[in-house]
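Read the structure below first, then the notes.
Numbers restart at 1 for each chain; the letters A, B, ... are given by sequence-line order, proteins then strands.
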Amino acid sequence: MSDYNHKDIEKKWQNHWESHKTFQTNGDKTKPKYYVLDMFPYPSGAGLHVGHPLGYIATDIVARFKKAKGFNVLHPMGFDAFGLPAEQYAIQTGQHPAITTNTNTARYVEQLKNIGLGYDWDRMVRTCDPDYYKWTQWIFCQLFESYFDKQTNKAEPINKLIAHIEKQGSKGISAACNEVTHEISATDWSGFSESEKENFLQQYRLAFLSEGVVNWCPDMGTVLANEEVKDGFSVRGGFPVQLKKMLQWSLRITAYADRLLEGLDKLNWPEAVKEMQRNWIGKSIGAELNFDVVSRNPNKPADLKIKVFTTRVDTTFGVTFISLAPESEMLELIVEESHKDEVKKYVSWAKNRSERERMSEVKTISGVPTGAFAINPFNGEKIPVWIADYVLAGYGTGAVMAVPSSDVRDYAFAKHFNLPIIPIQEGKNTDISQPDFEAKAGTMINSDFLNGLSVPEAIQKAVAFVEEKGFGLGRTNYRLRNAIFTRQRYWGEPIPVYFENGVPKLLPENQLPLTLPDVDQYKPTETGEPPLARAKEWKYDGKYNFELSTMPGWAGSSWYFLRYMDPKNSQSLASQEALDYWQQVDLYVGGAEHATGHLLYSRFWQKFLFDIGIVKFDEPFKKLVNQGMIQGRSNFVYRIKGTKRFVSFHQKDRFETSPLHVDVNIVDNDILNIEQFRLWRPDLADAEFELEPDGNYVCGAEVEKMSKSLYNVVNPDTIVERYGADTLRVYEMFLGPLEQFKPWNTNGIEGVNKFLKRFWRLFYDENGKWKVTQEEPNPAELKILHKTIKKIESDINALSFNTSAAAFMVCVNELTSLKSSKKAILEPFAITLAPFAPHICEELWEKMGHTESISLEPFPAWNDQFIVENTFDYPISINGKVRTKISFAVDKPAKEIEDEVIASEVLQKWLEGKPPKKVIVVPNRIVNVVM
RNA sequence: GCCGGGAUGGUGGAACUGGUAGACACGCAGGACUUAAAAUCCUGUGGCCGCAAGGCCGUGCGGGUUCGAUUCCCGCUCCUGGUACCA
């Protein structure tokens, strides 16, 4: 064999790695560890497209490199295997989603192996395997058995809370809990029935049942979490979503809001992702302020107060009205008789507007007065209470104190309804159109005891005043909501809870996992119950009903990185030893679309597992990198309207044409293969083509999302078949920076393939004869070798693989032009290239007489001595413009040459007695002479 | 609106903490080999002027700092990602 035959080579080495278990993580715990992880994929029926492996190739290079640098590397892969598409397929066909999932998983594994990715497949996990979800359920049980103590700032066993209540009632409890709560005494507690006790505890548990407004998607028959909904439609499937009140399990992630926020500062993550999480958590510090209500409504309790949340207590003297959300439960108590009809009309109109309408009509101002008034606690002024739909029921208290002079929305509302505006900040514009309208600038005016203070001073003083007078309390508000944890679906983890006389109880630990029952159909029942209700015999102890909802998709993915550490363990989610050794993920690579979903939930679970002593680190991912999406590059042909004639790209403007997507797989370098086109579209088999002068039909191109319907999906298998996995790997890296979004474009792939062929030809001549010699290398060869090793090492550490690919090409070009085929150079070079193009390197390594795999070789060290230039051209510029160069003979790295030496030589060699004003010497770079 | 990221040849993209802009690749042009093509190899390739040596211009736009700016500062334009009646 003498030609570079990628097909044979790649098959051979992939088999070798598999049978020799080359990438099995070994047990050598004396080595330093390195854990490099990809976000595991959902195995969809479409298989991998060429965009998916981008991150996988990057981590594979890092993993192989770290291994060669002497690390014990954990580099696993698995599947987020519960999910909607398999279930929807099951509903349509009646085929069990497990079968679909198995087929798809197998296909993914095969595709990934085809690319030569060195995963430790023995550690594969799938979230839908009962051995795995046993521990997902176990974590749920721990959440159920815990509450969050604000004093210790961590999760504690619920028994600790019970002990407290038994002793002194609910007094003195400082725990994260539901909004609505009432004080109970120890005697109350002991008199409670079991179900009353449980109802009370549910307010504190970290996994709890509660009735709340949820995102209900009727088309999917399930509730969705906030981040699964965008613009009033489901992210998956794009079905309309409405708000509905339902009893659901939730996880109390809000308890961890502060820790999730603070933890971000220590993480080596992209700033954008951290910022998204900060915004998602949405912490705002302010105060709650109570306004007394004046109303002739007979239902109004004497001491009724409107509670508002504000971040600007200092503006209280500028309040000119109060706005309530249309959903406010207080309305019945305060609306005056004279306003009842109008309010009723408005509220029902507001409620019937869909989320979407509300969203798109943000700019329209609407509201009605209630007839009631409120008393400003600061100055006793009587101000009207309005209802306005710009106030959100779900945020803060659902009521705002309106300060038109410092809030744009209040301002717009006041202008629209002719309500008064009181300026309270001197030296600041009170005109909405001015840029500093909302600025916290200027000094306070019209504000009694706050007059003359700056805004920050005034806030401080006002908060103190409020608390002292008992008008309200300092309060921190979060945008983050508790995470709804139930989905009315089949293909998910069953929730390990049964109901005994209506009281939710955990399945005993020794009975986990609670496996999915078989059902005859996978859709909801006719009465609207979840699919699990179809399993009539599915009961705990033969009599108690199980919870019929399953867990959401993110449950299993919130902890899978821990399972890889010890994937077969049946006693615990992973052994203590494994958890302690592997610690955290050192490098995590995946898409930015998980910023507020998966990445936030994983941090939450990790913090919880840290609190209960399972893991020793409260952050799961030390360094995160978002690989950019690879977009599709669609091709078009141009059809002359009303005909079956197509004109080439450059002619299209001469006719009235309409573009038509054409399968990119029958287009090469934008040139259409007309014969294949006729086969692809039999209906257009008799079409005519107007060609370019060179006889080709040139297609137009556009960057779009890679999608089946746009005929721009490129399958990695096609590329592997044609050019080989090594070419695909190097090419994907060469395409551009890892983080960048870029269109897939095969225009350059030939160049990479050519590079590998040239690399091969350093070993074999054109007649297929082995030409590697034992000669001693010369300085020129050593220089290019060591430069390359140095560059590759620093590139991999910086994840800058696109420039590594270029460095390899330079090296091959130089060795080729040096006609160098010396073993002493080619051996270390092959090891350096192996993480990128492992198959070809393995093959040539073997040909060089080695019996062990190149993947087991240590990464070569580079030596600066070989890189030093013998002579060094020093550019000299006059007034910033390069005029000439002088050469120095050097015996040490240019960097170490003293500035003064060069400066004086410059003067001697060049200026000869004409002293310049200034000589500036920059080490290793340039001398600038100012004349 | 707010918060991120970005703009460099015909194209994708290089350029370390300010130091010879355009590495590497694609494309294109020319040449070698071949009956021919493919493949391979060699040469050239930012723009303008010039036979050449060489010169002038050039990193989205306008200013500034500096001996020197793709890089730093100020002010814009456009693209892109996220997010939003969050009080």
Side-chain angles (χ1 to χ4, degrees), chain A residues 230-231 270-276 278-280 282-284 286 308-312 315 323 325 358-359 361-365 388-392 394-403 406-410 412-413 435 438 477-480 592-593 595-596 626 628-629 669-670 701 730-731 734-737 739-743 745-752 754-755 757-758 761 766 791 794 798 800 802-813 816-817 873-883 885 916-931:
Chain A
K230 211 189 163 219
D231 299 337
E271 213 36 61
V273 174
K274 292 209 245 182
E275 202 51 33
M276 269 189 251
R278 285 191 192 106
N279 291 339
W280 190 260
K283 180 176 184 171
S284 52
V308 303
F309 174 74
T310 177
T311 56
R312 294 290 304 274
T315 62
S323 302
R358 233 174 131 152
M359 212 90 73
E361 290 166 28
V362 160
K363 298 273 139 29
T364 52
I365 297 159
D389 74 342
Y390 77 84
V391 181
L392 304 176
Y395 183 78
T397 59
V400 302
M401 57 179 226
V403 187
S406 66
D407 182 284
V408 275
R409 292 152 306 177
D410 297 344
F413 197 85
E438 290 199 307
N477 207 33
Y478 297 91
R479 201 182 83 101
L480 184 70
E593 65 273 19
T596 50
N626 294 130
M629 213 195 308
N669 275 348
D670 288 344
V730 177
Y731 185 60
F734 189 59
L735 220 43
E739 294 92 334
Q740 193 171 302
F741 278 61
K742 56 221 157 199
N745 178 344
T746 41
N747 289 352
I749 201 162
E750 303 272 356
V752 172
K754 214 152 47 176
F755 150 72
K757 287 180 181 163
R758 286 166 63 109
R761 247 174 282 123
E766 57 276 20
K791 171 87 176 131
S794 77
S800 154
N802 53 327
T803 52
S804 313
F808 284 126
M809 291 181 193
V810 172
C811 188
V812 166
N813 289 348
T816 304
S817 67
D873 281 343
Y874 227 98
I876 297 176
S877 64
I878 303 172
N879 296 337
K881 199 124 266 206
V882 175
R883 299 287 170 177
K885 289 177 183 178
K917 275 189 204 145
K918 207 166 159 192
V919 178
I920 294 149
V921 176
V922 179
N924 201 17
R925 266 306 178 222
I926 196 168
V927 183
N928 190 29
V929 181
V930 185
M931 299 301 287

Taking atom P in both B:U11 and B:A69, what distance in whole Å separates the two?
26 Å
A:D407 CG - B:C86 P separation (whole Å)
8 Å
Roughly how many Å apart are B:G27 and B:A38, using the P atom of each and rounding to a whole number?
13 Å
Here the distance between atom C1' of B:G81 and atom CG of A:N626, to the nearest Å, is 11 Å
If you look at every heavy atom in A:F734 and A:N802, which pair is closest and at what distance?
CD1-O, 3.8 Å
Taking the same atom, C1', in B:G12 and in B:G22, what whole-Å distance lies between them?
13 Å
From the list B:G12, B:C86, B:A15, which nucleotide is the closest neighbour of the side chain of A:R409?
B:C86
Using a cutoff of under 3.5 Å, can you pull out all pairs of nitrogen or oxygen atoms linking the protein to nucleotides 40-44 of chain B, with atom names and distances?
{"unit_1": "B:C41", "atom_1": "OP1", "unit_2": "A:R758", "atom_2": "NH1", "d": "3.2"}

May I ask you to say what A:E275 touches in the nucleic acid, namely base, sugar-phosphate or nothing, with a heavy-atom cut-off under 4.0 Å?
sugar-phosphate
Does a nitrogen or oxygen in the side chain of A:R479 sit under 4.0 Å from OP1 or OP2 of B:A87?
no
Now, which nucleotide makes the Watson-Crick or G-U wobble pair with B:G1, with each of the two distances under 3.5 Å?
B:U83
Please measure how far the P atom in B:C79 lies from the corresponding atom in B:C28, and state the result in whole Å.
32 Å
With syn defined as a glycosidic angle within 90 degrees of 0 and anti as anything else, the base of B:G75 is anti
When rounded to whole Å, the NZ to P distance for the pair A:K274 and B:C3 reads 19 Å
Counting Watson-Crick and G-U wobble pairs only, both distances under 3.5 Å, name the nucleotide matched with B:G58, or none.
none
Considering only atom P, compute the distance from B:U8 to B:U45 and round it to an integer number of Å.
22 Å
Which atom names give the shortest non-hydrogen contact between A:V812 and A:R758, and what distance separates them?
CG1-CB, 3.7 Å
Atom CE of A:M276 and atom P of B:G81: how far apart are they, to the nearest Å?
12 Å
Base, sugar-phosphate, or nothing for A:N802, non-hydrogen atoms under 4.0 angstrom?
sugar-phosphate
I need the CD-C1' distance between A:E271 and B:G82, as an integer number of Å.
14 Å
Tightest non-hydrogen contact, residues A:G736 and A:K742, listed as O-NZ, 3.6 Å
Expressed in whole Å, how much space separates the P atoms belonging to B:G58 and B:G10?
16 Å
Atom-pair distance (CD on A:Q740; P on B:G6), nearest Å:
10 Å
Side-chain atoms of A:A806 come closest, of B:A87, B:G4, B:C24, to B:C24
Roughly, in whole Å, what's the span from CG in A:N745 to P in B:G12?
9 Å
Does B:A32 pair with anything, Watson-Crick or G-U wobble, both distances under 3.5 Å, and if so, with which nucleotide?
B:U40
What's A:L735 touching, base or sugar-phosphate or nothing? Going by heavy atoms closer than 4.0 Å.
sugar-phosphate
Does A:Y395 have a side-chain nitrogen or oxygen under 4.0 Å from the phosphate oxygens OP1 or OP2 of B:A87?
yes
Taking every non-hydrogen atom, the tightest pair across A:N626 and A:P270
OD1-CG, 3.4 Å
Less than 4.0 angstrom between a side-chain N/O of A:N813 and OP1 or OP2 of B:A25, yes or no?
yes
Considering only the P atoms, how many Å lie between B:C26 and B:G46, rounded to the nearest integer?
16 Å
Which whole-number value in Å describes the distance from A:E593 CD to B:G4 P?
22 Å
Given RNA chain B, 5'-ward residue of the pair A:A807 and A:P737, judged by closest heavy atom:
A:P737
For B:C78, what is the paired nucleotide under Watson-Crick or G-U wobble rules, both distances under 3.5 Å?
B:G6
Going through the checks in order, is the side-chain contact (heavy atoms from CB on, under 4.5 Å) test met by A:Y390 and A:D410?
CA-CA 9 Å; A:Y390 77 84; A:D410 297 344; 2.7 Å; yes
Check A:E750 with A:K757, please: is the shortest side-chain N to carboxylate O separation under 4.0 Å?
no
How many angstroms lie between CG in A:D407 and CE in A:M401, if you round to the nearest 0.5 Å?
10.0 Å
Could you tell me whether A:P743 contacts a base, only the sugar-phosphate backbone, or nothing, with contacts defined as non-hydrogen atoms closer than 4.0 Å?
nothing
Do you know which two heavy atoms are closest between A:L392 and A:A325, and how far apart they sit?
C-CB, 4.1 Å
Expressed as a whole number of Å, how far does the C1' atom of B:U77 sit from that of B:A29?
37 Å
Partner of B:A69 under the Watson-Crick or G-U wobble criteria, both distances under 3.5 Å, comes out as none
I'd like to know if the side chain of A:R479 pairs up with that of A:N279 as donor and acceptor (distance under 3.5 Å, no hydrogens or angles considered).
no
In the structure shown, which nucleotide is the Watson-Crick or G-U wobble counterpart of B:U17, with both distances under 3.5 Å?
none
Searching all strands shown, indicate the nucleotide that pairs with B:G27 (Watson-Crick or G-U wobble; both distances under 3.5 Å).
B:U45
